[in-house]
Amino acid sequence: MIVQACINGARPRDFHPSLPLTAHAMAADAVSCVGAGAAELHIHPRGEDGRESLAAVDATVLAVRQACPGTLIGVSTGAWIENDVARTRAAIAAWRELPDYASVNLSEADAPAVMALLREQGVGIEAGLATTQDAERFVGLADRARVLRILIEIDIPDLPVALDEAHGIAAVLERAGVRRPILLHGVDGTVWPFVDLARQKRWSTRVGLEDGKTLADGTVAKDNARIVAEATAIFRSAS
């Protein structure tokens, strides 16, 4: 069981005053999150214009790795980042400062090819499953056992429906005999219920401004580190 910090995601600049958008800001924020209890970091690198960019991975990963040596660093490969299959593949193939892992959304058409490319690069894979259909697609892959972990990542705002979807994904994995580590997370109003469910299931979780800006009591958090500290305290209570 770990708490991963997801420090920025695709959130716009005005989402929160402490949203880190430059490599320097992400590195400083990463230090604070690790100090607050984060075991790993999930980052969406940004270009000079502030937009998400797979071409910015080298500079961002280097900055964060220098700030947090020994901490595992992951990035997103979301299709929306480059919005073009060829550009996405070319950017990943050009990485030289490799992240430890990258998340791949099974809802995206090119997911199997992206996963193969990451393996060629020696980058671990987090298989992102947002629906039971994603889970069925994943368990049908011949190389499904060669992933670092499974992300059950539900973006449904209605909590009962979101919980049903999460349990449905877990059931698909169980029936298929998948035995990879699981990290569960929600978004906005489902973040904290899913942290609690992950604790109960003894799965990992993630928190941070990518997923939501409030604490468990609904107040807006000062920064990522404060959110991580609260999730870490919840997880420690399960020990």
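Note that the numbering runs from 1 along the sequence shown for the chain.
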**Asked** Val31: which other cluster members, linking ILVMFWY side chains closer than 4.5 Å, directly or transitively?
**Response**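 Cluster partners of Val31: none, it stands alone.
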**Asked** Residues sharing Leu72's hydrophobic cluster, by side-chain heavy-atom contacts under 4.5 Å among ILVMFWY, directly or via others?
**Response**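 Result for Leu72 is Tyr101, Leu148.
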Do [X] side-chain atoms and [Y] backbone N/O form a donor-acceptor pair below 3.5 Å?
{"X": "Asn8", "Y": "Leu21", "answer": "no"}
{"X": "Asn224", "Y": "Cys33", "answer": "no"}
{"X": "Trp192", "Y": "Gly218", "answer": "no"}
{"X": "Thr60", "Y": "Ala56", "answer": "yes"}

**Request:** Enter the distance from His44:NE2 to Leu54:CG here, rounded to the nearest 0.5 Å.
**Result:**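 Separation between the atoms: 10.0 Å.
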**Request:** Mind checking the CG-CD1 spacing from Leu98 to Ile92? Nearest 0.5 Å is all I need.
**Result:**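 Between atom CG of Leu98 and atom CD1 of Ile92 there are 11.0 Å.
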**Message:** Using the salt bridge (charged side-chain N to carboxylate O under 4.0 Å, His left out) criterion, which residues pair with Asp211? Sequence neighbours excluded.
**Reply:**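 Counting only residues at least two positions away or on another chain, Asp211 forms a salt bridge (charged side-chain N to carboxylate O under 4.0 Å, His left out) with Arg206.
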**Request:** Test Ile7 against Ile43 for side-chain contact (heavy atoms from CB on, under 4.5 Å), laying out the working first.
**Result:** CA-CA 6 Å; Ile7 65 176; Ile43 296 170; 3.8 Å; yes
**Request:** Walk me through it: do Gln121 and Arg96 pass the test side-chain contact (heavy atoms from CB on, under 4.5 Å)?
**Result:** CA-CA 9 Å; Gln121 288 280 71; Arg96 294 298 174 263; 4.2 Å; yes
Contacts table for residues 104-118: side-chain donor-acceptor under 3.5 angstrom, sequence neighbours left out:
{"from": "Asn105", "atom 1": "ND2", "to": "Glu108", "atom 2": "OE2", "distance (Å)": "3.0"}
{"from": "Glu108", "atom 1": "OE1", "to": "Ala79", "atom 2": "N", "distance (Å)": "3.2"}
{"from": "Glu108", "atom 1": "OE2", "to": "Ala79", "atom 2": "N", "distance (Å)": "3.0"}
{"from": "Asp110", "atom 1": "OD1", "to": "Arg89", "atom 2": "NH2", "distance (Å)": "2.5"}
{"from": "Asp110", "atom 1": "OD2", "to": "Arg89", "atom 2": "NE", "distance (Å)": "2.9"}
{"from": "Asp110", "atom 1": "OD2", "to": "Arg89", "atom 2": "NH2", "distance (Å)": "3.4"}

Least distance between heavy atoms, [X] atom then [Y] atom:
{"X": "Ile2", "Y": "Arg149", "answer": "CD1-NH2, 3.8 Å"}
{"X": "Val123", "Y": "Ala102", "answer": "CG1-N, 3.7 Å"}
{"X": "Thr205", "Y": "Phe235", "answer": "CG2-CZ, 3.4 Å"}
{"X": "Ala5", "Y": "Ala38", "answer": "CB-CB, 3.8 Å"}
{"X": "His42", "Y": "Ser103", "answer": "CE1-OG, 3.5 Å"}
{"X": "Val178", "Y": "Phe138", "answer": "CG1-CE2, 4.2 Å"}

**SB check Asp196 Arg199 (cutoff 4.0 Å)** =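 Yes.
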**Prompt:** Does Asp188 pair with Arg11 as a salt bridge, N-O distance under 4.0 Å?
**Reply:**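 Result for this pair is yes, salt bridge flagged.
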Indicate, with yes or no, if [Y] and [X] share a hydrophobic cluster defined by side-chain heavy-atom contacts under 4.5 Å among Ile, Leu, Val, Met, Phe, Trp and Tyr.
{"X": "Met26", "Y": "Leu209", "answer": "no"}
{"X": "Val64", "Y": "Val34", "answer": "yes"}
{"X": "Leu184", "Y": "Val147", "answer": "yes"}
{"X": "Val207", "Y": "Ile234", "answer": "yes"}
{"X": "Val228", "Y": "Leu215", "answer": "yes"}

Take atom [atom1] in [X]; do more than 12 heavy atoms of anything else shown fall under 6.0 Å from it?
{"X": "Glu48", "atom1": "CD", "result": "no"}
{"X": "Arg51", "atom1": "CZ", "result": "no"}
{"X": "Arg13", "atom1": "CZ", "result": "no"}

**Glu40 vs Asp100 side-chain heavy atoms within contact, under 4.5 Å** =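 With C-beta onward as the side chain, the pair stays apart.
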**Item:** Arg180 side chain near Glu126 side chain, heavy-atom distance below 4.5 Å
**Value:**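 SC-SC contact between Arg180 and Glu126 ruled out.
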**Request:** Determine, step by step, whether Lys201 and Met1 satisfy the side-chain contact (heavy atoms from CB on, under 4.5 Å) criterion, reporting the C-alpha distance in whole Å, the side-chain angles of both residues, the deciding distance to 0.1 Å, and the verdict.
**Result:** CA-CA 10 Å; Lys201 293 285 191 178; Met1 294 170 62; over 6 Å; no
**Message:** Suppose the criterion is side-chain hydrogen bond (donor to acceptor under 3.5 Å, both in side chains): which pairs have a residue in residues 66-84, not counting sequence neighbours?
**Reply:**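 Checked against side-chain hydrogen bond (donor to acceptor under 3.5 Å, both in side chains) - neighbours excluded - the pairs reaching residues 66-84 are Glu52-Trp80.
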Enumerate, atom names and distances included, each donor-acceptor pair closer than 3.5 Å involving a side-chain atom of residues 151-173, sequence neighbours excluded.
{"from": "Glu153", "atom 1": "OE1", "to": "His185", "atom 2": "NE2", "distance (Å)": "3.0"}
{"from": "Asp158", "atom 1": "OD1", "to": "Val161", "atom 2": "N", "distance (Å)": "3.1"}
{"from": "Glu165", "atom 1": "OE2", "to": "Thr132", "atom 2": "N", "distance (Å)": "2.8"}

